[in-house]
There are 2 protein chains.
Amino acid sequence: MTAVPSTPPSVAGHPGPIRLGPDAHAALRPADRATVTGGFWAERRRVNSEVSIPQGPDRLAAAGNLENLRRAADRESSGFRGGFPFQDSDVHKWLEAAAWQLGEPGPDPERHTALEEQVGEFIDLLARAQEDSGYLNSYYQVAKRDVPHFTELRWGHELYTAGHLIQAAVAHHRTTGRRELLDIAMWFADHLADNFGPEGSGKPVDSIDGHAEIQTALVELARETGESRYTALAGYFVDRHGGALPETKRTGLGRPGYFQDHTPVRDAPAVTGHAVRQLYLLTGAADVATETGEAELRAALERLWADMTARQTYVTGGIGAHHSDEGFGQPYELPNDRAYCETCAAIASVHFSWRMALLTGRAKYSDLIERTLYNGVLCGVSLSGDRYLYDNPLHVRDGHADQEGVGPRRVPWFDCACCPPNLMRLLASLPHYLAAASADGTAMHVHQYATGTLEAELAGGPVALRVETDYPWQGRIALTVEDTAAGPWTLALRIPHWSAGNWNVTVGGTPAPAGEWTLEDGWLRLTRDWAPGETVELDLDMAPRFTLADPRVDAARGCAAIERGPLVYCVESEDQPPLPAGSGLDDLVVDTSAGLTSGWRPELLGGVATVTATARVRPRPESGGDGDWWPYRPAAVGIPAPADEPVNLTAIPYYAWANRADGAMRVWLPADA
Amino acid sequence: MTAVPSTPPSVAGHPGPIRLGPDAHAALRPADRATVTGGFWAERRRVNSEVSIPQGPDRLAAAGNLENLRRAADRESSGFRGGFPFQDSDVHKWLEAAAWQLGEPGPDPERHTALEEQVGEFIDLLARAQEDSGYLNSYYQVAKRDVPHFTELRWGHELYTAGHLIQAAVAHHRTTGRRELLDIAMWFADHLADNFGPEGSGKPVDSIDGHAEIQTALVELARETGESRYTALAGYFVDRHGGALPETKRTGLGRPGYFQDHTPVRDAPAVTGHAVRQLYLLTGAADVATETGEAELRAALERLWADMTARQTYVTGGIGAHHSDEGFGQPYELPNDRAYCETCAAIASVHFSWRMALLTGRAKYSDLIERTLYNGVLCGVSLSGDRYLYDNPLHVRDGHADQEGVGPRRVPWFDCACCPPNLMRLLASLPHYLAAASADGTAMHVHQYATGTLEAELAGGPVALRVETDYPWQGRIALTVEDTAAGPWTLALRIPHWSAGNWNVTVGGTPAPAGEWTLEDGWLRLTRDWAPGETVELDLDMAPRFTLADPRVDAARGCAAIERGPLVYCVESEDQPPLPAGSGLDDLVVDTSAGLTSGWRPELLGGVATVTATARVRPRPESGGDGDWWPYRPAAVGIPAPADEPVNLTAIPYYAWANRADGAMRVWLPADA
């Protein structure tokens with residue numbers, strides 16, 4: 001075991017996931033330090049750190065996860081609680097969230113100390129539960145004590161759970177410099193290396209783990225420890241997909257595509273199967289490609305990301321349309337009412353996209369991250385931070401609350417509680433996704449806009465920026481150079497695709513001279529000798545707008561969505577004026593020619609900009625009576641036209657839906673009759 | 001046990017399900033005898049009797065169902081095959097299908113004898129497997145020998161499986177007059193009566209069977225045996241739903257609505273939960289209401305049928321939108337790509353509707369039966385009769401065959417093989433649904449049109465009709481009075497709702513005199529003194545037509561369907577002319593103003609009338625390049641308009657889809673840009 005520095009180089013900052021290896025083949029490298037000190041994300045992250053994360057241990061205790069580990073520590077063989085073999089992973093993901101949070105002490109020392117102590121207790125518990133071999137998984141230690149390890153890989157989640165343990169350990173070491181948890185993780189990782197490949201080791205096991213995760217975890221462990229053999233093992237686990245078993249045996253195990261075991265990653269034409277499994281695998285594969293620089297794998301990842309984004313992604317950034325199998329559907333099969341859009345899948349999309357952003361430097365990856373964070377991820381947690389959604393539909397009908405199980409409700413925890421701690425760890429590490437430096441040290445790239453600070457070491461020296469903005473409510477983003485490298489360097493600002501063609505930038509209050517800026521691939525590049533105190537002001541287009549879908553998205557045909565900046569809007573019944581008796585949200589037809597207006601509503605949902613549209617009520621085809629028993633009509637009879645009288649519709653940001661009484665909700669609005 | 005006549009009164013005919021009890025409170029009573037001797041259904045039923053039913057025993061042997069019963073007979077406690085506790089029910093349903101078929105000897109005595117022998121062998125096996133108590137269920141006799149009976153009712157399907165045994169026994173006795181199977185069933189039914197209610201017996205069990213079926217079976221057993229206590233027990237099982245357990249316990253068992261245990265049947269506002277469970281329950285409740293005449297239960301059934309039909313039914317008659325839980329969704333949630341539309345649910349809809357048709361005399365119930373038979377049911381079996389669909393989507397995209405598990409394919413059998421024998425028993429008993437006599441003996445009602453004979457005993461004596469038609473390909477239906485009762489009686493012909501306002505009728509070649517006919521509630525009533533040899537000719541409107549959906553059916557917004565007579569059409573990629581490179585079925589926009597034409601294609605799919613429409617190709621929004629990575633566009637940019645050049649689209653009947661190579665298919669066609 002190679003020595004690991006007891007204090008990582010960037011412990012003083014907020015390195016977050018991911019830290020590239022020294023020889024990584026990436027266009028960009030994450031900023032050394034990023035903070036969010038005010039504005040939209042500061043408030044969401046305050047709730048995460050003051051409500052969600054502190055509640056975690058109680059939830060894990062109530063759900064039995066801690067007792068499972070205690071039983072493993074005491075070498076008991078009964079009493080395992082919870083229905084899933086991956087129960088430990090909820091603990092690990094909470095630990096990872098807490099670890100990122102420990103890197104950001106915050107204003108309340110008591111809270112920080114309490115979190116430190118709680119983390120310490122959890123680590124002690126894990127240390128006691130770990131077997132002499134390094135193995136650690138309470139399900140197989142307690143509930144399945146008689147089953148040999150690594151023989152139920154298809155559904156057993158042993159490597160998946162190990163992966164989350166490793167990620168927690170990396171986060172804990174990266175932010176605190178402490179290695180208690182890292183030692184546990186390395187011990188387990190070495191045990192894995194003893195039991196599995198890589199190629200040529202003579203130790204392949206005749207399956208793949210059914211749920212990817214180990215791949216990205218091992219690469220991060222290699223980055224944290226400098227041990228490149230972990231990257232090699234990660235690559236081995238990537239390569240096993242679609243290759244570990246002969247095709248007949250893969251098929252015989254049922255639905256190989258569900259596990260992404262139908263074809264090797266490098267050959268896959270399209271994203272397939274269980275969405276979270278698919279994206280965790282691609283995330284790990286992107287980590288491997290970044291560290292190895294392999295062109296074929298990179299090309300496959302670019303192709304699969306493009307397939308996912310163009311054909312399988314909701315306007316909210318949500319992915320995974322099917323409730324059955326929590327999976328991808330056919331291309332463009334994106335039903336709004338039955339959108340599964342698991343919160344974890346949106347989070348996984350952010351993980352995958354960020355690695356692709358670093359690998360390629362392309363702005364579109366961060367365009368999708370922005371959209372996904374503000375919409376498809378953030379909808380998963382209540383504004384209060386203590387209730388969650390697992391699936392995130394884009395349409396809930398009037399009266400859904402009357403029927404069992406047909407409308408999602410935010411709940412404090414789930415039997416399968418993957419999403420809540422996943423949200424916690426993403427929000428706790430959010431500043432990590434804000435900025436990066438170009439690999440050649442000539443440019444600082446700002447990917448996401450939030451009030452705070454961004455620091456990176458460029459070729460000429462350290463650079464620090466202060467960002468001030470009311471984004472996403474306002475389009476104005478002010479950046480001040482606080483520290484600057486010697487000589488010219490490039491400040492690259494992402495122009496979001498929704499603002500393309502309609503933005504303005506000034507340097508020191510005046511338009512940047514023609515020779516000092518370029519716009520390419522979504523990046524506004526300002527290159528000059530910067531002086532401390534110099535300011536750049538970017539203005540993006542925050543006018544609310546109607547959006548249409550590709551006609552092949554059948555579920556959005558004849559509809560328009562409302563967007564404003566990076567936010568997707570929705571209409572909830574609660575905000576609407578009284579409609580004619582018997583009418584509801586689903587009877588409204590929005591008039592896209594009538595335009596949209598926006599206003600700030602400080603009292604509403606913690607403060608939101610609402611958008612107002614004009615709509616008309618379409619009378620229902622049946623007016624009662626037995627002639628109306630059948631909901632289909634000859635085209636010659638037609639359907640009723642909307643009434644003349646306009647109705648003002650109020651739309652709210654989608655992330656804020658389902659924070660009040662149950663009611664109807666729509667993202668895609670029937671448009672223009 | 002009351003004596004049962006060794007030969008039932010109608011053995012010479014084809015009584016089929018259902019035979020009302022002597023005191024039934026129904027507007028109509030099934031015809032005494034009905035045959036299908038030619039035309040559309042004769043061919044489909046020929047395939048059923050010559051291919052599907054004869055293959056059944058081999059399929060059941062291969063799937064292990066027969067071995068399970070053999071092990072039960074030998075009192076073995078291991079080796080149960082198949083993953084479901086209701087494996088026996090596949091045997092019972094096949095037996096029921098075979099029994100109906102035995103009532104219709106057909107042209108091939110050898111085939112008939114072979115079927116008789118096969119049925120006899122199965123009955124012998126069941127007799128050997130039955131325990132001394134009367135209990136018979138190989139899952140609980142073999143796989144779960146240690147579990148006390150009737151203690152796992154929620155998921156154990158013990159009463160469900162018993163119900164199918166009883167239905168098979170009723171069919172066998174009704175068509176053959178033999179009572180070997182009936183004795184087995186009555187023995188088991190009496191065992192059930194010893195273990196369960198009815199009210200006041202002091203024997204309630206603290207749950208409901210999770211899958212309704214026993215209710216309708218027991219009423220039919222009462223009808224066949226004259227034992228009204230079976231009807232009372234059926235009523236008890238209906239009443240237990242939503243009432244057997246306190247609400248908290250019902251909820252604690254999870255998803256009570258899935259089992260229709262959330263509220264008593266009489267109080268339910270809407271169809272809910274697992275579609276087949278819901279409709280089997282309503283079918284049994286309709287049987288109970290018919291026999292008891294209870295107004296409150298009848299009103300609930302009318303309400304629930306109306307809810308199902310107006311808000312939860314596809315244009316094909318298919319029901320049950322959700323893959324998850326195989327259940328109903330929210331009202332108007334009817335996605336075409338993810339339509340579950342289990343074949344069994346469509347069959348259950350026919351069962352329920354037929355009981356409502358008899359109970360009320362209303363034509364709309366048989367309107368839905370017609371639509372469901374020709375579309376939502378018949379699509380479930382291949383034209384060759386040896387391959388089946390379990391779920392029946394209304395839209396399959398181009399390239400679905402490239403992805404695993406995303407497009408249905410017809411297969412010879414299923415692990416959960418409920419649908420194939422269900423299709424067999426429905427097709428084998430199909431003539432039963434053609435006609436009925438009014439309860440007061442004054443009218444003969446023709447519900448469905450097929451070449452064959454219809455016989456009923458009216459008040460004035462027996463009436464017999466011969467029907468000749470090329471329906472559904474031609475709208476002309478010729479009826480000849482072959483035998484007639486004394487004095488005037490009414491011939492009531494259903495005018496299908498799709499032909500309302502466009503039909504013609506003649507008696508003896510000339511329009512019926514004004515005083516001799518009325519049209520009310522979809523029934524054309526011709527009342528006169530009929531003489532043998534007199535003819536009536538009804539002409540229905542077979543012009544192909546475009547159909548629109550209620551605007552609240554989001555999945556059909558901006559689309560039109562093509563229908564012709566009772567047939568719903570679809571467009572399969574295989575029949576279309578070459579489209580511009582890169583375009584597919586989903587890029588076509590149909591022009592509803594251009595009209596439709598129809599033609600007979602004897603060589604296609606066993607002979608079908610195709611319908612030709614005019615469409616245009618919409619260019620795809622992305623033309624390649626990285627600017628096109630995101631499938632949503634500002635409304636200001638818009639989506640491409642269809643090209644000018646028209647394309648001739650060929651539509652085929654939906655029931656005939658998926659009988660050739662894998663390809664794309666649509667029922668609802670994007671319309672008019």
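Labels below follow one simple rule: chain letters A, B, ... track the order of the sequence lines, proteins then strands, and each chain is numbered from 1. Computed over heavy atoms, backbone and side chain alike; hydrogens, waters and symmetry mates excluded.
Of the inter-residue distances, the one linking Arg338(A) atom CZ with Asp337(B) atom CG reads 12.0 Å to the nearest 0.5 angstrom.
For the pair Arg397(A) and Asp554(B), the salt-bridge criterion is met [side-chain N within less than 4.0 Å of a carboxylate O].
Interface residue Thr547(A): backbone and side-chain heavy atoms are both found under 4.5 Å from chain B. For a residue to count as touching a neighbouring chain, one of its non-hydrogen atoms must lie under 4.5 Å from one of that chain's; by this rule Asp325(B) does not touch chain A. In this structure, chain A has no heavy atom under 4.5 Å from any part of Arg545(B). For chain A, the nearby parts of Ser324(B) are the backbone and the side chain; heavy atoms of each come within less than 4.5 Å. For Ala549(B), the parts lying near chain A are the backbone and the side chain together; criterion is any non-hydrogen pair under 4.5 Å. For Trp498(B), no part lies near chain A; criterion is any non-hydrogen pair under 4.5 Å. Looking at Asp587(A), the atoms closer than 4.5 Å to chain B (heavy atoms on both sides) all sit in the side chain, from C-beta outward.
Within the 4.5 Å cutoff, no side-chain heavy atoms of Val667(A) are placed close to those of Tyr569(A). Taking 4.5 Å as the limit, every side-chain heavy atom of Leu588(B) sits out of range of all side-chain heavy atoms of Leu669(B).
The aromatic rings of His322(B) and His323(A) sit parallel to each other, their planes meeting at less than 30°, with 60° as the upper class boundary.
Across Asn336(B), Thr313(B), Val637(B), the residue that shares the most heavy-atom pairs under 4.5 angstrom with chain A is Thr313(B). Considering only heavy-atom pairs separated by less than 4.5 Å from chain B, the leading option among Leu368(A), Ile639(A), Val315(A), Thr592(A) is Val315(A). Looking only at heavy-atom pairs under 4.5 Å with chain B, the residue among Pro551(A), Pro335(A), Ala306(A) that has the most is Pro551(A). Chain A forms the most heavy-atom pairs under 4.5 Å with one residue out of Pro631(B), Ala556(B), Ala321(B), Gly584(B), and that residue is Pro631(B).
When each of Met308(A), Glu302(A), Arg303(A) is checked for a side-chain contact (heavy atoms from CB on, under 4.5 Å) with Trp305(A), only Met308(A) meets the rule. Screening Trp668(A), Tyr314(A), Phe546(A) for a ring-ring contact (aromatic ring centres under 6.0 Å, His included) with Tyr632(B), the sole residue that qualifies is Trp668(A).
Defined by atom type and a distance below 3.5 Å, a donor-acceptor pair is missing between the side-chain atoms of Tyr258(B) and Glu326(B).
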